[in-house]
Undergrad: 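Dumping the structure here so I can ask a few things about it.
The structure presented is a predicted model; accordingly, all values stated were derived computationally and were not measured. Any value given below was found using the heavy atoms of this structure, including those in side chains, with hydrogens, waters and symmetry copies removed. Lettering of chains follows the sequences in order, A, B, ..., and the numbering in each one begins at 1.
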Amino acid sequence: MEWTHVITGPYNFNQALKRLKIDPLLTLNVVEETLTLPIWIEDNPVTVTVKQVGTFEEPMFHIQVTDHEKVTKEAITEKLTHLFHWDTPLAAIADFFEKTELAHLFQQYRGTPFVCDSQLYGSLMKTIIHQQLNMAFAYTLTERFVKSFGFQHEGAWFYPSPEKVANLEPAQLRELQFSQRKAEYVIDTSRMIAEGDLNLNELVQLPNEQVIETLVKIRGIGPWTAENFLMFGLGRMDLFPIQDIGIQNAMKKFYDWEAKPLHAVMLEKSKEWKPYRTYASLYLWESIET
DNA sequence: GACCAGGCGCACC
DNA sequence: GGTGCGCATGGT
């Protein structure tokens with residue numbers, strides 16, 4: 001089935017795609033402005049292709065999915081609306097930042113949406129895998145993980161189930177060049193999910209502080225991972241991960257500082273960006289893309 | 001070859 | 001409750 005979905009502009013789909021392009025697991029075409037995504041509707045893996053057919057000011061999307069008896073257009077549109085921030089008032093956010101020190105960035109990247117990870121469990125695994133590594137190698141490791149243990153469905157790569165990962169041995173991840181510790185974090189966290197000791201879908205209901213409190217109790221998940229999961233997994237709007245080396249470097253560059261900022265300085269500066277600190281984070285990250 | 005990457009836990013104090 | 005260190009490997 002296929003249909004068209006219209007949203008309120010501005011919306012810079014192309015800028016979002018440029019960012020997603022570094023993920024080797026995604027199928028996308030920046031010129032054609034198409035993206036094929038693995039998503040879950042209830043317990044059904046669904047591959048959906050989204051193509052931008054409108055403009056920056058009047059955005060419109062052509063959505064295509066193979067017919068599925070258990071999946072409705074409405075459910076998919078709702079999911080995509082969440083993932084792509086289609087209902088986020090990007091013009092109002094740009095106006096909000098107009099009176100802040102980041103005004104210049106929000107003019108430069110006006111209309112650029114924050115795009116979430118399309119799989120909740122996958123988002124947590126990806127974030128653990130990405131800890132401390134440079135982006136290129138982090139994506140390589142994640143790609144090996146998904147292509148070794150996940151599955152391909154109608155051209156999109158889906159993460160394996162937590163149950164499957166729970167039954168892996170660390171040695172199987174070491175072969176992919178995971179560190180021993182990272183292998184344990186991924187497997188042990190998956191085991192908690194598989195055994196019902198951690199329910200990611202229940203976290204959707206909780207406020208940020210309780211999600212962080214829950215997640216950081218788990219060995220291998222610290223503040224950076226919890227905050228990134230809140231942003232990329234749950235799509236929360238007001239996170240500013242001060243441990244993030246990318247944000248530290250971006251602030252150093254933006255403010256023309258000699259060295260990376262202290263955490264206290266980052267907290268002080270970010271106060272005026274509430275309640276949209278996720279967008280401040282995104283646009284700072286954008287500002288150091290090469 | 002050193003040093004840093006979209007951190008974290010653990011061993012020490 | 002703070003500080004130092006190891007982790008695997010790629011990029012600079």
Undergrad: Suppose clustering is done on Ile, Leu, Val, Met, Phe, Trp and Tyr with side-chain heavy atoms closer than 4.5 Å. Which residues sit in the same group as A/Ile245?
TA: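 Listed partners: none, A/Ile245 stands alone.
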Undergrad: Polar pairs (N or O, both sides) under 3.5 Å between protein and nucleotides 9-12 of chain C?
TA:
from   : atom 1 : to       : atom 2 : distance (Å)
C/dT9  : OP1    : A/Gln177 : NE2    : 3.3
C/dG10 : N3     : A/Asn134 : ND2    : 3.4

Undergrad: Whole angstroms only, please: what is the CD1-P distance between A/Ile247 and B/dA5?
TA: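 After rounding, the gap between these two atoms is 14 Å.
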Undergrad: Where along residues 210-242 of chain A does a heavy atom come under 4.0 Å from DNA chain B, residue by residue in number order?
TA: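 Output list: A/Ile218, A/Arg219, A/Gly220, A/Ile221, A/Gly222, A/Pro223, A/Trp224, A/Thr225, A/Asn228, A/Phe232.
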Undergrad: According to salt bridge (charged side-chain N to carboxylate O under 4.0 Å, His left out), who are the partners of A/Lys269, at least two apart in sequence or on a separate chain?
TA: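 Expected list: A/Glu101.
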Undergrad: Supply the members, apart from A/Phe158, of the Ile/Leu/Val/Met/Phe/Trp/Tyr cluster built from side-chain contacts under 4.5 Å; use none for a lone residue.
TA: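 Noted: A/Phe158 shares its cluster with A/Trp40, A/Phe151.
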Undergrad: Roughly, in whole Å, what's the span from NE2 in A/His263 to C1' in C/dG2?
TA: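 Checked: the NE2 to C1' distance equals 14 Å.
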Undergrad: Does B/dA5 have its OP1 or OP2 closer than 4.0 Å to a side-chain nitrogen or oxygen of A/Asn249?
TA: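 Looking at the OP1 and OP2 atoms of B/dA5, one of them is under 4.0 Å from a side-chain N or O of A/Asn249.
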Undergrad: Got a sec, which residues hit salt bridge (charged side-chain N to carboxylate O under 4.0 Å, His left out) with A/Arg174, two or more places apart in sequence or on another chain?
TA: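 Result, salt bridge (charged side-chain N to carboxylate O under 4.0 Å, His left out) vs A/Arg174: none returned.
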Undergrad: With ILVMFWY side chains joined below 4.5 Å, transitively, what does A/Met60's cluster contain besides itself?
TA: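 For the cluster that includes A/Met60, the remaining residues are A/Val6, A/Val53.
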Undergrad: Checking A/Glu98 now: which residues fulfil salt bridge (charged side-chain N to carboxylate O under 4.0 Å, His left out) with it, not counting sequence neighbours?
TA: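 So A/Glu98 forms no salt bridge (charged side-chain N to carboxylate O under 4.0 Å, His left out) with any residue.
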Undergrad: Quick one: list whatever passes salt bridge (charged side-chain N to carboxylate O under 4.0 Å, His left out) with A/Glu143, sequence neighbours left out.
TA: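 Scan of A/Glu143 (salt bridge (charged side-chain N to carboxylate O under 4.0 Å, His left out), adjacent residues dropped) gives A/Lys147.
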Undergrad: When you check the gap from the basic side-chain N to the acidic O, do A/Arg19 and A/Glu289 get nearer than 4.0 Å?
TA: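 Result for this pair is yes, salt bridge flagged.
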Undergrad: A/Ile288 CD1 to B/dC4 P: how many Å, rounded?
TA: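 The distance from CD1 of A/Ile288 to P of B/dC4 comes to 16 Å, rounded to the nearest Å.
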